[in-house]
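Proteins come first, then strands; the chains are lettered A, B, ... in the order of their sequence lines, and each starts at number 1.
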Amino acid sequence: MTSHVYHPREIEQQAQDYWDEEQSFKMSESSEGEKFYCLSMFPYPSGRLHMGHVRNYTIGDVISRYQRMQGKNVLQPMGWDAFGMPAENAAMKNNVPPARWTRENIDYMRTQLKQLGFAYDWQRELATCDPDYYRWEQWLFIQLYKKDLVYKKTAAVNWCPNDMTVLANEQVIDGCCWRCDTAVERKEIPQWFMKITAYADELLTELDNLPDWPEKVRTMQRNWIGRSKGIEVVFGIEGQDTGLKVFTTRPDTLMGVSYVAVAPEHALATEVARDNADIAAFIKECEHAGTSEASIEALEKRGLDLGLKAIHPISGEQVPVYVANFVLIGYGEGAVMAVPAHDQRDWEFAQKYQIPIRVVITPEGYDGDVDALVSDAAHVDKGVLVNSAEFTGLNFRQAFDAIAAYLEKNDRGRVRVNYRLRDWGVSRQRYWGAPIPMINCPDCGVVPVPEDQLPVVLPEEVVIDGEGSPIKKMPAFYQTTCPECGHDAQRETDTFDTFMESSWYYARYASYDQGESMLDQRADYWLPVDQYVGGIEHAILHLLYARFFHKLMRDAGLITSNEPFSRLLTQGMVLKDGSKMSKSRGNTVDPQELVGKYGADTVRLFTMFAAPPEQSLEWNGNAVEGASRFLKRFWKLVTDNDHLDLLAAWKGPGNVPAVDWQNADADCRKWRHEVHCLLQQSNRDFAKYQFNTVVSAGMKLLNLLYDVASARHSGTVGNTYDALLAEGIDILIRMLAPIVPHICHALWGLGGVGGALLDANWPQADPQALLRDNIEIVVQVNGKLRGKINIAAGAEQQQIEDAALGDDNVQRFIKGRQVRKIIVVPNKLVNIVVS
RNA sequence: GCCGGGGUGGCGGAACUGGUAGACGCGCCGGAUUCAAAAUCCGGUUCUGGCAACAGAGUGCGAGUUCGAUUCUCGCUCCCGGCACCA
């Protein structure tokens, strides 16, 4: 005898044991069926799963299970983004090595993932801190070094002079160190860079070949890459031989330049600062903003006249040179020409420092006072050149070409494409990361570690003291011999940015056990990832770096596809009380407690129901109760009375349902119509991955089946009700299987249905059941709802109009007025326009 | 500051290609059951007026296009994400 009470713990354990024993999710390459690679962004092993993880992984799991029921060969792997700063912080706090802390977290979080019933192929699990993983990243880096795609140069870091350590941007709070509150300094040190700019054009144009990425992500990436065509202009500097290069996209405004400005780190500024205390102090002050662009750009725009004179490349006129805190050293040439009349920021700066504002662009046909154009703000629109010597009268296009030609002829500039995108700095002065496989030899310079000496293994038994990376003080690690000359040499002690590991893990899952190479031919079977799921916060950096890596691996001959992720779903944040759930805010909800109290299916159901995947999800404890209530009702309906027998009779092995629906009574036909409408809607929403309305359809279907069941038990109805109830239950179980797999697995088994639910066919609506004899049509008068009419499905336009005009309430609103127009929207609405 | 996204009842959200605003769920109110409570079941629930039928208002604010706008256009406002060393 079956229990009518839902016991999630028992049935979830049984379902998970079944999947384990059957190795249901262990996948291999197969020529049968289309492959479908579904991937969720792997977690940083911070200790415990949070609701954001649960949401991310439930979405991925629902998609995986759904695609599998569509007959595809679905791979869904999982792993750990195991390197990173939090492990070092935890190490300091708890006096435990980062490696141990990380591995313990992984073990705990793996258990949590298993409890949630995610359909992962665990044999492919990887952790990026494993030398068998990062050795291939080191290997690729060396190949890229040989191809001149990586290089070393100096770049700024945040430096805490008290702790004698480099700080991440996150660790700089209001220009000060987060631990000791000392004012942070900017420090230039040599670092490794990867030439992502060499791929800027492809990264940009290939975005057009990603139609299944959200448009917003593609737009953000386009803007981030920031391709612009402009002119590199050289201003002379009075009394100096070398000129000052600036880049502008508005050469048409060149004759309106009234000053130029350089970044605080620019060589010109540094030089002047040497014997000018004010300038030096200003530059020093700018350093306290740290290195992040947000903090620099949010500053009040300030500057100082360097006392130098720049020589205009066309007029020969002298204009002042400022050092300004809003000029970014990393963009363009680290220097800008300023045209206050036609750029808002320059305009504000000029107002503040009483610099002349010279109008050189006016709207076409403008004959008013030119200065009036810029009295309140800059005039930034393109137009016609004025006061521009020989260029006067030209439009933007003409001026661009003419000025470019003039500058090129006089060797004062050239047309150039500029990118906002900068090369990727991958050096980190931290311990818990993959060692950069390079050796510094006093004689030979930089020498890569020979391939047969890889991996360069990170020592794991270390003490973290907060003053720099322990391997920098560990001769056993850094002392080595030069592979070229054999003399004493030192290893690089910086480690890779952890974005390196997360840029190629998706590919390694395909070749997870390959010990001889980074990837093998299996990667080309599984790649590209068909569906990638992760947080919108990764829209730019991670996704751009992974795209870049994919192209690097392609050009290294490892794979043949051009892009890593065919389709992308960016899930929204999990919020509580309006802000992101986070430890620091203290507003977290522990999914573990919820799973313990309600079971995994309830947590999965709530997560899918509360909001569509792409939107932020507001946490609501009461709504979890609602999800649990639904599952109890679902269990009860299916196990109640003789319902399991009905399901067995309908669906059991060898049974072929043959029902004469045409001769069922009107209520039965109406109900069946609704069942199939709900199924149709659910299928449409499933295909769109809009799971909240799928759940809603499931809830409606359950409510409806309760009505059917009670009509059936009243005893006065025909046996088509038995069939309808069984059909409805069958549909509901299969429809909800991807979302709440445990309860569906259990009910499917109890119903004596042969075969695993995992591989059951997806239910399809019966076209016959979707047809209706009568249709309700809404009647509006002047766009306002005034009545509803019921009319035969194939009614003529005239019949519909007559019926609409004949409605009593409609009559009240058209009486004594003239009907000017009647708009009929087939099967939906009539709008009577009266005057 | 720059780039991107969002704003609908008391709450989460729904509304297919511009066509009934508020599906589904939560909460709340009323009822059944119970000695009582929990659980469960039934009914109601945008606001205002009305016993009701119904009417008026209503999708952040202000304009516009349209027979008709949550949906399209423009301006504003508030909130969220990213800004290259958090992951």
Discussion item. OP1 or OP2 of B/G25 versus the side-chain N and O atoms of A/N703: is any pair under 4.0 Å?
Written reply: yes

Worksheet entry | Non-neighbouring partners of A/W159 that pass side chain to side chain donor-acceptor pair (under 3.5 Å), sequence neighbours left out | none

Fill in: A/Q344 CD to B/G1 C1', straight-line distance once rounded to whole Å
12 Å

Item to complete: Could you walk me through whether A/V574 and A/H50 pass side chain to side chain contact (heavy atoms under 4.5 Å, CB included), step by step?
Response: CA-CA 9 Å; A/V574 179; A/H50 54 67; over 6 Å; no

Worksheet item: Under the side chain to side chain donor-acceptor pair (under 3.5 Å) test, which residues partner A/Y44, sequence neighbours left out?
Response: none

Can you name the atoms? Protein N/O to nucleotides 29-34 of chain B N/O, anything below 3.5 Å, with the distance.
none

Discussion item. Please determine whether side chain to side chain contact (heavy atoms under 4.5 Å, CB included) holds for the pair A/F813 and A/K784, giving the CA-CA distance in whole Å, both sets of side-chain angles, and the decisive distance to 0.1 Å.
Written reply: CA-CA 10 Å; A/F813 287 89; A/K784 284 194 179 263; over 6 Å; no

Worksheet item: Take atom NZ in A/K301; do more than 12 heavy atoms of anything else shown fall under 6.0 Å from it?
Response: yes

I'd like a list of close polar pairs between nucleotides 5-15 of chain B and the protein, N/O only, cut-off under 3.5 Å.
{"unit_1": "B/G12", "atom_1": "O2'", "unit_2": "A/A610", "atom_2": "O", "d": "2.5"}
{"unit_1": "B/G13", "atom_1": "OP1", "unit_2": "A/S616", "atom_2": "O", "d": "3.3"}
{"unit_1": "B/G13", "atom_1": "O3'", "unit_2": "A/N692", "atom_2": "ND2", "d": "3.3"}
{"unit_1": "B/A14", "atom_1": "OP1", "unit_2": "A/N692", "atom_2": "ND2", "d": "2.9"}
{"unit_1": "B/A15", "atom_1": "OP1", "unit_2": "A/Q690", "atom_2": "NE2", "d": "3.0"}

Discussion item. Between B/U17 and B/U70, how many Å separate the two P atoms, rounded to a whole number?
Written reply: 16 Å

Practice prompt. Using a heavy-atom cut-off of under 4.0 Å over every strand shown, decide if A/R222 touches base, sugar-phosphate, or nothing.
Written response: nothing

Discussion item. Protein within reach of the bases, or only the backbone? For nucleotides 63-77 of chain B, mark each nucleotide 5' to 3' as B, S or -, using heavy atoms under 4.0 Å.
Written reply: ----B----------

Worksheet item: Tell me, which stems hold RNA chain B, with a stem being 3 or more Watson-Crick or G-U pairs in a row and both distances under 3.5 Å?
Response: B:1-7 with B:77-83, B:10-12 with B:24-26, B:27-32 with B:40-45, B:46-49 with B:54-57, B:60-64 with B:72-76

Practice prompt. Please test A/Y532 against A/Y506 for ring pair (Phe, Tyr, Trp, His ring centres under 6.0 Å), starting from the C-alpha separation and ending with a verdict.
Written response: CA-CA 10 Å; A/Y532 197 33; A/Y506 63 90; 7.4 Å; no

Discussion item. Just the rounded figure in Å: distance from P of B/C2 to CG of A/D343.
Written reply: 11 Å

Item to complete: Check whether the ring centres of A/F609 and A/F691 lie less than 6.0 Å apart, and answer yes or no.
Response: no

Item to complete: Please work out whether the ring planes of A/H542 and A/H538 are parallel, tilted or perpendicular, with thresholds of 30° and 60°.
Response: perpendicular

Practice prompt. Provide, to the nearest angstrom, the distance between the CG atom belonging to A/N622 and the P atom belonging to B/C26.
Written response: 9 Å

Worksheet item: Could you walk me through whether A/K195 and A/Y151 pass the side chain to side chain contact (heavy atoms under 4.5 Å, CB included) check?
Response: CA-CA 8 Å; A/K195 281 192 190 167; A/Y151 64 96; 3.5 Å; yes

Worksheet item: Rounding to a whole Å, what distance do you find between A/R786:CZ and B/A53:C1'?
Response: 14 Å

Item to complete: Could you verify whether a donor N or O on one side chain and an acceptor N or O on the other, from A/T197 and A/D423, lie under 3.5 Å apart?
Response: yes

Practice prompt. Provide the full list of side-chain hydrogen bond (donor to acceptor under 3.5 Å, both in side chains) pairs with a residue in residues 163-179 of chain A, sequence neighbours left out, each pair given once.
Written response: A/N158-A/N169, A/N169-A/T291

Practice prompt. For B/U59 and B/G13, measure between their C1' atoms and round to the nearest Å.
Written response: 13 Å

Are there any protein N/O atoms within less than 3.5 Å of an N/O atom in nucleotides 41-47 of chain B, and if so, which ones and at what distance?
{"unit_1": "B/C41", "atom_1": "OP1", "unit_2": "A/R633", "atom_2": "NH1", "d": "3.2"}

Worksheet item: Using the P atom in both, what is the distance from B/A14 to B/C67, to the nearest Å?
Response: 31 Å

Discussion item. At under 4.0 Å between heavy atoms, how does the protein contact nucleotides 82-87 of chain B? Give one character per nucleotide, 5' to 3', with B, S or -.
Written reply: SBBBSB

Item to complete: May I ask you to check whether A/F83 and A/Y134 place their ring centres under 6.0 Å from each other?
Response: yes

Worksheet item: Going by an N to O cut-off under 4.0 Å, is there a salt bridge joining A/R218 and A/E215?
Response: yes

Fill in: Residue pairs, two or more places apart or on separate chains, that pass side-chain hydrogen bond (donor to acceptor under 3.5 Å, both in side chains) and touch residues 692-704 of chain A
A/R633-A/N703, A/D685-A/T693, A/Q690-A/T693

Worksheet item: What integer number of Å spans the C1' atoms of B/U8 and B/U71?
Response: 12 Å

Discussion item. Test side chain to side chain contact (heavy atoms under 4.5 Å, CB included) on A/M608 and A/I59; report intermediate values, then the result.
Written reply: CA-CA 7 Å; A/M608 291 301 95; A/I59 293 167; 3.6 Å; yes

Worksheet item: How far, in whole Å, is B/C72 from B/C85 if one measures between their P atoms?
Response: 37 Å

Worksheet entry | Separation of atom CG in A/L829 from atom C1' in B/C16, rounded to whole Å | 15 Å

Fill in: Proximal nucleotide (of B/C16, B/U20, B/C3) relative to the A/N223 side chain
B/C3

Worksheet item: Between B/C35 and B/A53, how far is it from one C1' atom to the other, in whole Å?
Response: 44 Å

Fill in: Worked check of side-chain hydrogen bond (donor to acceptor under 3.5 Å, both in side chains) between A/D494 and A/Q429
CA-CA 5 Å; A/D494 280 0; A/Q429 297 69 43; 3.2 Å; yes

Discussion item. Work out how far the C1' atom of B/U48 is from that of B/A63, and round it to whole angstrom.
Written reply: 27 Å

Discussion item. Could you walk me through whether A/D497 and A/Y545 satisfy the side-chain hydrogen bond (donor to acceptor under 3.5 Å, both in side chains) test, starting with their C-alpha distance in whole Å, then the side-chain angles of each, then the deciding distance to 0.1 Å, before giving a yes or no?
Written reply: CA-CA 11 Å; A/D497 177 3; A/Y545 292 145; 5.2 Å; no

Item to complete: Give the rounded distance in Å between these two atoms: CZ of A/F813 and C1' of B/A53.
Response: 12 Å

Worksheet item: Hey, do the aromatic rings of A/Y505 and A/W80 have their centres closer than 6.0 Å?
Response: no

Worksheet item: Reckon A/F193 touches a base, only the sugar-phosphate, or nothing at all at heavy-atom distances under 4.0 Å?
Response: nothing

Item to complete: Take the protein atom CG of A/L785 and the nucleotide atom P of B/A55, then report the distance between them rounded to whole Å.
Response: 8 Å

Worksheet item: Contact class for A/K632 vs. all strands (heavy atom < 4.0 Å): base, sugar-phosphate, or nothing?
Response: nothing

Discussion item. So, using side chain to side chain donor-acceptor pair (under 3.5 Å) as the criterion, who are the partners of A/Y431 when residues are at least two apart?
Written reply: none

Worksheet item: Nearest to the side chain of A/E776 - B/U20, B/G4, B/C24?
Response: B/U20

Worksheet entry | Euclidean distance for P, B/A23 against B/G6 (whole angstrom) | 24 Å

Discussion item. A/R604: which residues meet the side chain to side chain donor-acceptor pair (under 3.5 Å) condition with it, sequence neighbours left out?
Written reply: A/D61

Worksheet item: Between atom CD in A/E625 and atom P in B/U40, what is the gap in whole Å?
Response: 8 Å

